[in-house]
Amino acid sequence: MRLAVIPGDGIGREVVLAVLPVLDLLNDACGLDVEHDIFGWGADEWLATGVGLPDGAVDSLAAKYQAILLGALGDPRIPDMAHGRSILLGLRRGLDLYVNYRPLDLPTGRIDLFRENTQGLYAGVGGTIARRGSVSVAIDECVYIRETVEKFVRFGLRRLADTGRTKVTLVHKSNAVPNTGRLWQEVFETEMAGFPQLAAGQEYVDSFCYHLVRDPSSYEGVLAPNLFGDIISDIGAALMGGLGLAASANICPETGCALFEPVHGSAPDIAGKGIANPSAAAMSLAMALDHMGYGKQAVHLRDSVREVAATEFATPDLGGCGTTEGFMAEVIERLGARFIDDKAGRAGEPATTS
Ligand code: NAD
Ligand code: IPM
Ligand code: MN
């Protein structure tokens, strides 16, 4: 198995480099054979060479790697994020990763959020007219192609049904944005006919955000167009306990190409301090392990991360005073112990008296 690693900028780099030793442990302790290559694409390279995503990168990633792990992009020296759009949006579109799965692990239960990931307001259609050096007309078109919405909605519904979820909510804004709104509603209503086991709901995105914060327990599955899904995922992360905890998978179901990344950005406000929470990056690596067929290892990694988040090794965003390195060292310690327990046939749970 080959994993492509794009650490990126700021804390993206910090958290991804901190979780990589997990792979060494898994290769050594459980006989996994996951090789990784690191790609230095990001702000420094952009500023030095003007290149974001190099020519040929999309094809070569698709051909040679089973999964991609990305940190985050974003640098105050590039305020328009041109390099980030080239690399991140370039990969999402170039690899046709049209499903962005962003699970919200909440105390009230998990919400499976599916965000369309390549079109809508992110389609890259638009332009500006400048007058005397400033923008006088600005256009960003919201573009949706029916086939994309259909395959996205079908994938989300199938996944929800297959994982035993019982209800799904479509988020839209058809009262104000009627054209793409109606397309999404039509597709959702048509596709729902194939999923009688799911109860369907539809909500305007503003009201959905209100209800999500007030009572997250009323949702199980959510399907959202691109920009709405982006915003909902940060609200969801806040409900989870912070952006440092939220992981995501960008998927092309047809090709099996997949890119895993924390939901958070490069966090310039804490970059360089060594205190970024690596949980989201570790959980993203766990999703990559699942994708590569290492489900048991992924479960052990997730459990170890959750445990450490509740100890004195927790980082400041979780109310602790731990560091990125210290947190991951403790995760690796506990993960290693889980495999030793496995080998010794110990269940890891206290035995019940019988
Ligand atoms: P951000 O997600 O980087 O940070 C938002 C807040 O959350 C900050 O206060 C930050 O300190 C905190 N935070 C985020 N991740 C954390 C972690 N792991 N541990 C502890 N605290 C954490 O959002 P922003 O500040 O709006 O964006 C910064 C840059 O990142 C921008 O350039 C933006 O475009 C970019 N960005 C990139 C991605 C990506 O590459 N996937 C995602 C979001 C934002
Ligand atoms: C995310 C980010 C990106 C997005 C940005 C950095 C382009 O916010 O992955 O959530 O909007 O998709
Ligand atoms: Mn976002």
Side-chain angles (χ1 to χ4, degrees), residues 6-19 41-43 46 52-53 68-93 97-102 104 113-124 140 224-251 259-285 305 308-309 313-328:
I6 307 166
D9 305 325
I11 69 157
R13 165 170 294 275
E14 296 171 26
V15 293
V16 160
L17 296 181
V19 304
W41 308 328
W46 173 270
L53 189 65
I68 305 167
L69 179 67
L70 183 140
L73 296 151
D75 188 299
R77 294 170 297 171
I78 313 172
D80 68 356
M81 186 67 168
H83 73 303
R85 275 179 282 121
S86 163
I87 300 167
L88 180 60
L89 302 190
L91 288 173
R92 287 179 183 165
R93 282 206 289 259
L97 307 171
Y98 64 86
V99 177
N100 193 342
Y101 172 55
R102 297 187 151 185
L104 308 178
L113 168 64
F114 295 91
R115 164 194 181 187
E116 196 289 319
N117 210 27
T118 54
Q119 297 179 8
L121 271 163
Y122 288 63
D140 289 303
N226 206 338
L227 182 63
F228 299 157
D230 177 46
I231 296 165
I232 293 164
S233 47
D234 276 32
I235 297 175
L239 295 173
M240 280 169 71
L243 272 162
L245 301 173
S248 75
N250 303 257
I251 310 161
L259 180 155
F260 302 87
E261 56 171 344
V263 169
H264 66 71
S266 59
D269 55 342
I270 57 163
K273 297 186 177 163
I275 54 164
N277 185 348
S279 299
M283 294 303 204
S284 302
L285 177 60
V305 170
V308 175
F313 293 97
T315 43
D317 56 305
L318 299 176
C321 49
T323 63
T324 310
E325 293 299 331
F327 189 106
M328 281 315 298

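Both ligands and their constituent atoms are indexed starting at 1 by order of listing.
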Practice prompt. Decide whether an N or O pair under 3.5 Å exists between Gly265 and ligand 1.
Written response: yes

Worksheet item: Closest non-hydrogen protein atom to atom 28 (C) of ligand 1, residue and atom name please, with distance?
Response: Pro268 CD, 3.5 Å

Worksheet item: Is there any N or O on Arg92 that sits under 3.5 Å from an N or O of ligand 1?
Response: no

Discussion item. Using a 3.5 Å cut-off on N or O atoms only, is Ala72 in polar contact with ligand 1?
Written reply: no

Fill in: Protein residue, atom and distance nearest to atom 21 (N) of ligand 1, heavy-atom basis
Ile270 CD1, 3.5 Å

Worksheet item: Should one rank Val263, Leu88, Leu243, Asp234 by closest heavy-atom distance to atom 5 (C) of ligand 2, which comes out on top?
Response: Leu88

Worksheet item: Judging by distance only, is a nitrogen or oxygen of Leu73 under 3.5 angstrom from one on ligand 1?
Response: yes

Response to the item:
Restricting to heavy atoms, the pick from Arg92, Glu261, Arg115 nearest atom 9 (O) of ligand 2 would be Arg92

Discussion item. Less than 4.0 Å is my threshold; does some heavy atom of Arg85 fall inside it relative to ligand 2?
Written reply: no

Worksheet item: Which protein heavy atom lies closest to atom 2 (C) of ligand 2, and at what distance to 0.1 Å?
Response: Asp230 OD1, 4.0 Å

Worksheet entry | Nearest-neighbour protein heavy atom for atom 32 (O) of ligand 1, which is reported as residue plus atom name and distance | Gly74 CA, 3.3 Å

Practice prompt. Please find out if the Mn ion (ligand 3) and some N, O or S atom of Asp230 are separated by less than 2.8 Å.
Written response: yes

Worksheet item: Near Tyr122, which atoms of ligand 2 are under 4.0 Å from a heavy atom of that residue?
Response: 4 (C), 11 (O), 12 (O)

Item to complete: Quick one: look up the protein heavy atom nearest atom 18 (N) of ligand 1 and list residue, atom name and how far away it is.
Response: Asn277 O, 3.0 Å

